[in-house]
Each structure stands twice: as structure tokens, then as C-alpha cells.
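Step one of this worksheet: look at the structure below.
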Amino acid sequence: MKKISNVSLIEAVKQAQSVLVCTHIQPDGDAIGSALAVMHLLETLGKRVQVSCQDPVPGYLRYLSGWERVLPPSQISGTFDLVLSVDASDQERLGLCAELLKLGKTTAQIDHHATNTQFAQHNEVDSAAAATGMLIMRLINDMGVALSRDMASCLYAAISSDTGNFSFSSVSAETFEQMRVIMDAGLPLAQDARRLHLVETLGHMRLFGAALTSLQLSEDGRLAQMALKQQDFSDLDATREESDGIVNHGLYILGVEMAFLATETPEGIKFSLRSVEPHKVSRVAVKFGGGGHDQAAGCTVHAPLDEALRQVSQAMAEELHR
Ligand SMILES: [Mn+2]
């Protein structure tokens with residue numbers, strides 16, 4: 001297993017008696033799994049820990065030990081020896097938690113996004129790591145702490161989420177070295193995998209149906225697009241959160257190389273973009289003021305649905321033919 005490259009971060013963690021851990025808006029498995037794994041680590045070391053995220057823990061992660069300890073920023077006060085951000089590439093991504101950085105005598109962050117802005121005093125950023133959870137695993141290892149079953153479940157959620165259940169090109173031999181340690185710590189794999197990757201809410205399944213009904217292929221079947229209208233959410237009694245993951249199904253169609261899902265919201269049309277290599281949807285997202293990873297990115301377009309679909313579809317086609 002690799003080591004944490006910034007030793008000053010380990011020192012900062014060791015010295016802190018009180019730590020506030022925060023993570024990014026609209027948190028995913030890597031965000032919550034990493035934040036909770038680090039919470040369990042710090043509590044094992046006898047530190048006082050609080051965890052904060054602007055947005056609530058999504059339902060599919062509410063099996064992780066300590067998920068109810070994730071509080072909105074409004075419920076955090078006082079000062080902390082250390083404020084530690086995980087899985088956020090920049091302060092903006094922290095949303096309202098960005099303000100909480102001021103509560104720390106020291107700030108640190110652990111992240112794996114190539115676009116990271118090194119916004120803390122102690123930065124541990126490795127864009128080669130498949131998940132922030134892998135960097136947390138290195139930290140636990142470097143600090144000589146035995147992995148608990150709770151930490152194991154949280155880290156599995158983090159790493160498995162960000163690697164598409166160990167199927168992305170970002171997976172390395174180290175990913176499996178870490179998984180061996182996680183299994184040794186007693187990970188209930190079948191149980192956690194079912195919760196994380198198979199079980200969906202009824203609302204999600206209904207939205208999936210609506211999205212598939214809207215499916216259109218273009219560019220000789222290489223580009224797939226789906227759209228969900230605000231009306232779909234009310235008709236199907238489903239929430240925005242329940243549309244997570246639907247976009248990926250566009251790429252599961254034989255011959256499709258790029259896919260997107262447009263979601264009509266009061267704040268504009270939100271686009272989730274996906275591609276297979278060598279196409280980079282990150283380039284498309286950036287054109288519309290968004291961002292993300294090369295093969296999974298997002299952006300918001302402030303235009304009527306039809307116009308937004310036309311603009312993004314054109315930009316996706318341009319990337320496809322680059
Ligand atoms: Mn991540």
C-alpha cells in the first residue's frame with residue numbers, strides 16, 4: 001500500500017484534539033464513506049469529532065455506521081483544532097461548509113480530483129487514486145491504527161462507489177491490496193454490496209422508467225440522451241436524489257459511447273454527462289461552467305429544456321467527433 005505523501009497532514013491530525021470533518025455538496029459514497037471512516041479513525045484515537053455536509057446523507061448510504069452524525073453546517077459551532085475537508089476539489093464544492101473552514105486553527109484536506117485548488121494549509125491530493133477513500137485507507141495505515149469493521153464498511157462504500165464497483169480504469173493493484181485489508185477487517189461484502197449497488201427506492205425505479213421512455217439515440221447510435229421533467233418527479237412521487245445513477249444506463253446500450261441525462265429543476269437544467277474513453281465529457285461540462293472527471297461530469301444550463309438539450313447535444317457530438 002502507498003503512503004500519505006504529505007507527512008505534515010499526519011502531524012496535524014495527530015496533534016488535533018478536536019476535529020471537524022466536512023465534505024462536498026450532494027454527497028456520494030466516496031464523500032460520506034470517507035468522512036465517516038475518518039470520523040471512526042479519529043474517535044479511535046480519542047479525539048472529539050464532528051462531521052458536516054451541506055446536504056443530507058442520501059438514503060442509499062444510511063446503513064453506514066454513524067451516518068446520523070453528519071450534521072448540516074447550521075448545527076456546527078465553536079472552534080476546532082483542525083477542520084478537515086474530504087473529497088472536495090475546491091471550497092465552492094463544499095457549499096455552506098466552506099464557511100466552517102474558518103472555525104479551524106488549522107485546515108487540511110484529502111482529495112483525489114485533478115482540478116483540486118490546494119485550498120487548505122495541509123493538502124493531500126493524489127489524482128491517481130481512484131477514490132478519496134483510498135487516501136483515507138493510507139492515512140489509517142500510516143497512523144498504525146487497526147481497521148475496525150465500521151471503518152471497513154465506510155471505506156468499501158467510498159472505494160466501490162468511485163470505481164463503479166471496481167470496474168473503472170482508475171482501479172489499481174493498490175485498490176485490491178486495500179480491499180484485502182478491508183475484507184480482513186470483517187467487511188460484510190454481500191450485505192453491503194446489495195445495499196450499495198442493487199437496492200433502489202421505488203421512486204428511483206419509476207424515474208428510470210420515465211427516463212428510458214425519453215431515450216433518444218443520435219450520431220449513428222453513439223450518443224444517448226434522456227430527459228426528466230419537473231412534472232415527472234411530481235407525477236411519480238420521486239425526489240431529485242432518486243434520479244442519481246440513471247444517466248449511466250445510457251452507456252450500457254451497445255454502440256453508445258457518450259450519454260447524458262437532462263433534469264429540469266427550478267435552478268435550471270442540470271446535465272449529467274458520461275462517456276467511455278477516449279471521449280472526455282469534462283471538456284463538455286467546462287464549456288457550460290460545470291466540471292468533474294473525464295468520463296463523468298456535470299453542468300447546469302439556464303435555458304428552456306428544448307434549447308438546453310440542443311446546446312448540450314451539439315457539444316457532446318462535437319466531443320464525440322474530436
Ligand atoms: Mn471521490
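Just so it is clear, the structure is predicted and the values come from calculations on it, not from any experiment. Throughout, numbering of the chain's residues begins at 1 and tracks the sequence. Counting convention: from 1, in listed order, for ligands and their atoms alike. Keep in mind that the numbers below use all heavy atoms, side chains included, and drop hydrogens, waters and symmetry copies.
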- Confirm or rule out an N/O/S atom of Asp28, from backbone or side chain, lying less than 2.8 Å from the Mn ion (ligand 1).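 Short answer: no, not a single N, O or S atom is under the cut-off.
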- Message: At a threshold of 2.8 Å, where the distance has to be below it, does the Mn ion (ligand 1) have an N, O or S atom of His113 nearby?
- Response: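 His113 does not place any N, O or S atom closer than 2.8 Å to the Mn ion (ligand 1).
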- Query: Salt bridge check: are Glu68 and Arg62 linked by an N-O gap of less than 4.0 Å?
  - Reply: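 No, Glu68 and Arg62 are not salt-bridged.
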- Query: With a 4.0 Å cut-off, would you call Glu43 and Arg69 a salt bridge?
  - Reply: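 Yes.
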Measuring from the Mn ion (ligand 1), name the closest N, O or S atom belonging to [X].
X: Asp30; value: OD2
X: Asp87; value: OD1
X: Asp162; value: OD2

- Message: Can a donor-acceptor pair be found, under 3.5 Å and without considering hydrogens, that links the side chain of Asp142 to the backbone of Ile4?
- Response: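 Yes.
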- Item | Parallel, tilted or perpendicular: rings of Phe208 and His204 (30°, 60°) |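 Rings of His204 and Phe208: tilted, 30 to 60°.
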- Side chains of His122 and Thr106: is there a donor and an acceptor less than 3.5 Å apart?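 Side-chain D/A pair, His122 to Thr106: absent.
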